Amino acid sequence: MHSILRGVAALFAAVLLLLAAPARAADPPTFNAEQLDQMLAPIALFPDALLSQVLMASTYPKDVAEAAGWAFANRSLKGDDAVRAVQDKPWDPSVQSLVAFPQVLAMLDEKPEWVQDLGDAFLAQPEDVMDSVQLLRAKAKGAGNLSSNEQQIVSFEAGAPARQTVVATAPSSPTQIITIAPANPQVIFVPIYNPVHVFGPWWHPLFPPFFFPPPVRWGFGWSPVSTAIWWGVGIGVTYALWGGVDWRRRNVNINVNQWNNINVNNRINSNNRNVNWNHNPGNRRGVPYRDASTRDRMQDRLGDRGGRQEYRGREDQRAQARAALSDRVGAENLDREALRNIDRSQIPQRTPGGDRTSAGDRAAAIDRSQARDRVGSIDRSQVQERAGNIDRSQVRDRASNIDRSQVQDRAGNIDRSPARDRANNVNRSQVQDRAGSIERSRVQDRASNIDRSQAQNRSESAARTNRDNALRGANDGRQTQQQIDRGRASQAAQRHNAPQRQSNVSRPAGGAAGQRHNAPQRQANVSRPAGGAAAQRRNQ
């Protein structure tokens with residue numbers, strides 16, 4: 001009996017799960033025309049560029065909330081200066097751009113759920129959103145509240161082609177395109193208006209338009225007036241307004257030059273003047289998407305590396321890093337405020353010098369017995385046998401086999417006779433004839449013509465030069481030592497070569513007596529002028 005009851009209960013629970021699963025999995029219906037007109041009414045009359053950046057930023061609702069808080073705390077900053085001041089914030093550039101316009105962030109901060117619905121509608125139904133804006137502008141024009149003035153230029157074009165897919169609950173395609181641009185591109189006026197008055201009688205009674213007057217705490221000084229639109233004070237900008245709208249294709253785009261001049265940390269690499277905007281799911285920061293179709297589409301875009309390189313026409317490295325970190329630690333843990341509250345005492349501390357315990361364990365794990373076995377296994381007998389096998393007798397035989405007699409024979413075989421023959425063959429008579437042929441009178445004439453004063457000057461100059469050369473390098477110890485070493489080497493070489501030179505000198509036969517015998521002959525061969533010394537004195 002109990003088993004039957006348990007079976008019935010299990011079957012009943014399974015039926016309930018099957019019935020409940022489709023209800024939980026079913027996506028909410030798309031936004032209808034009434035809802036779109038209601039949520040777009042507060043911003044439909046913004047200049048096209050500002051409208052596009054608000055639509056982009058609304059897809060990052062968490063960033064918008066943080067930017068509004070920053071703008072309230074820094075109300076003195078506006079325009080480009082405010083945008084540059086938040087370049088280090090983790091917000092999407094579209095959200096960063098809105099800090100230039102505090103009035104806009106003040107509106108968006110009043111109703112966060114409206115911001116999230118606006119972003120979800122723009123991601124899932126961009127064509128319906130654009131058509132709703134055109135419908136609202138046409139209503140304002142019909143009510144006489146939309147025209148060119150000192151703050152804006154309103155233009156009219158032929159309507160965009162009708163959409164191929166027609167949804168019963170979607171706004172009808174407009175027959176005319178209405179564009180709004182600032183009268184001065186560098187001075188932006190943000191229109192503040194009550195939709196109930198500016199658009200005429202509201203046509204959706206069940207969905208009245210939202211109205212967000214500037215909060216008093218922001219200090220804008222706004223008060224209800226009889227006019228439909230309150231313009232406030234113009235905000236000077238140069239590069240902070242970089243968005244645009246392609247009404248015919250019903251999408252938004254980016255002016256690359258304007259973007260790169262203000263978003264220096266997130267530049268777009270593109271040769272085109274304008275590029276299409278694409279939502280970056282990496283900056284969503286864990287906020288869930290409204291429907292499964294949008295969620296799947298953004299998940300595919302996040303996982304497609306090629307697609308990531310095309311976000312807003314550039315490679316968004318920060319988005320890649322954020323997405324990867326979100327996958328590892330969870331999107332909820334990317335909130336910096338949450339990370340600041342982490343108890344760091346619970347985080348394991350790392351030893352400054354590394355994990356010494358692990359090093360000690362490694363050392364302790366070394367098996368010293370194996371090391372000893374390796375040393376003990378060395379066969380010393382083999383080493384000794386190798387040393388014992390060296391045949392020393394062969395070394396001695398090689399030394400004893402050197403034939404020293406051959407070395408001596410080589411020295412004894414040197415033929416010294418050619419050197420003696422050369423010395424004996426010197427013709428001394430020719431030398432004597434050359435000396436005897438010298439005409440001494442010319443030598444004397446040359447000597448008598450020498451200016452001895454110049455010779456003395458030259459001698460003195462040479463003496464000074466020699467003296468300088470002798471003293472040169474006296475203070476250089478290294479040079480002095482080199483000269484001493486050279487002198488010693490020269491003396492040693494002379495002592496070594498002296499015996500050989502003496503043995504090789506070829507002396508004439510007869511020795512000293514022969515030399516004395518030949519001396520009168522050499523003197524007789526000297527040619528003397530006739531008359532002897534007396535004749536020389538007369539010739540002088």
Side-chain angles (χ1 to χ4, degrees), residues 17-33 35-36 39-40 52-65 90-95 112-132 163-171 246 249-254 266 275-335:
L17 290 173
L18 292 174
L19 294 175
R24 288 198 304 270
D27 290 332
T30 58
F31 293 105
N32 56 32
Q35 292 172 312
L36 291 175
M39 68 175 66
L40 288 164
S52 69
Q53 290 174 218
V54 170
L55 292 175
M56 298 177 199
S58 66
T59 64
Y60 311 102
K62 186 173 289 187
D63 286 358
V64 170
W91 312 328
D92 187 86
S94 61
V95 178
E113 59 273 20
W114 163 58
V115 175
Q116 183 164 349
D117 286 344
L118 180 64
D120 289 338
F122 183 55
L123 289 175
Q125 304 168 246
E127 295 180 346
D128 295 343
V129 168
M130 295 303 178
D131 287 345
S132 176
R163 289 177 290 169
Q164 296 179 356
T165 303
V166 179
V167 181
T169 59
D246 186 345
R249 292 184 174 85
R250 297 179 176 89
N251 60 24
V252 295
N253 52 44
I254 295 171
N266 296 278
V275 297
N276 291 333
W277 174 83
N278 287 295
H279 173 73
N280 182 1
N283 285 354
R284 185 76 173 181
R285 300 177 63 184
V287 178
Y289 294 100
R290 183 171 184 267
D291 57 275
S293 176
T294 303
R295 181 171 58 252
D296 294 341
R297 179 160 46 92
M298 295 306 165
Q299 187 63 35
D300 292 342
R301 181 178 295 175
L302 185 63
D304 182 8
R305 293 183 181 271
R308 281 206 300 269
Q309 295 178 355
E310 300 300 328
Y311 286 163
R312 292 184 294 275
R314 63 179 170 80
E315 180 180 3
D316 194 342
Q317 295 180 351
R318 187 184 66 175
Q320 297 177 30
R322 182 185 293 274
L325 184 60
S326 175
D327 293 339
R328 290 198 302 268
V329 303
E332 67 280 359
N333 293 326
L334 295 181
D335 189 349

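All figures in this text were calculated on a predicted structure; none of them were measured in a lab. For this chain, numbers begin at 1 and follow the sequence in order.
Judged by distance alone, the side chain of Q35 and the main-chain N or O of N32 form a donor-acceptor pair under 3.5 Å. No donor-acceptor pair under 3.5 Å is formed between the side chain of D63 and the backbone N or O of V95.
Here CD1 of I254 is found 8.5 Å from OG of S52. Values are rounded to the nearest 0.5 Å. Distance NE2/H279 to CG/L55: 13.5 Å, rounded to 0.5 Å. With values rounded to the nearest 0.5 angstrom, F122 atom CZ is found 12.0 Å from T294 atom OG1. Rounded to the nearest 0.5 angstrom, Q125 CD and D291 CG are separated by 8.5 Å. To the nearest 0.5 Å, the span separating OG on S58 from CG on L123 amounts to 7.5 Å.
Taking all atoms of both residues into account, the shortest heavy-atom contact from T59 to M56 is OG1-O, 2.6 Å. Across all non-hydrogen atoms, the minimal contact from P61 to R284 is CD-NH1, 4.1 Å. L118 and M39 make their closest contact through CA-SD, 3.8 Å (heavy atoms, listed as atom of the first residue, atom of the second, distance). L36 approaches A121 most closely through the heavy-atom pair CD2-CB, 3.9 Å.
The shortest distance between side-chain heavy atoms of V129 and L40 falls below 4.5 Å. In this structure, the side chains of V252 and M130 come closer than 4.5 Å at one or more pairs of heavy atoms.
Note: W277 and Y60 have perpendicular aromatic rings, judged against thresholds of 30 and 60 degrees for the angle between ring planes.
For the pair R297 and Y289, the cation-pi criterion (under 6.0 Å, within 45° of the ring axis) is not fulfilled.
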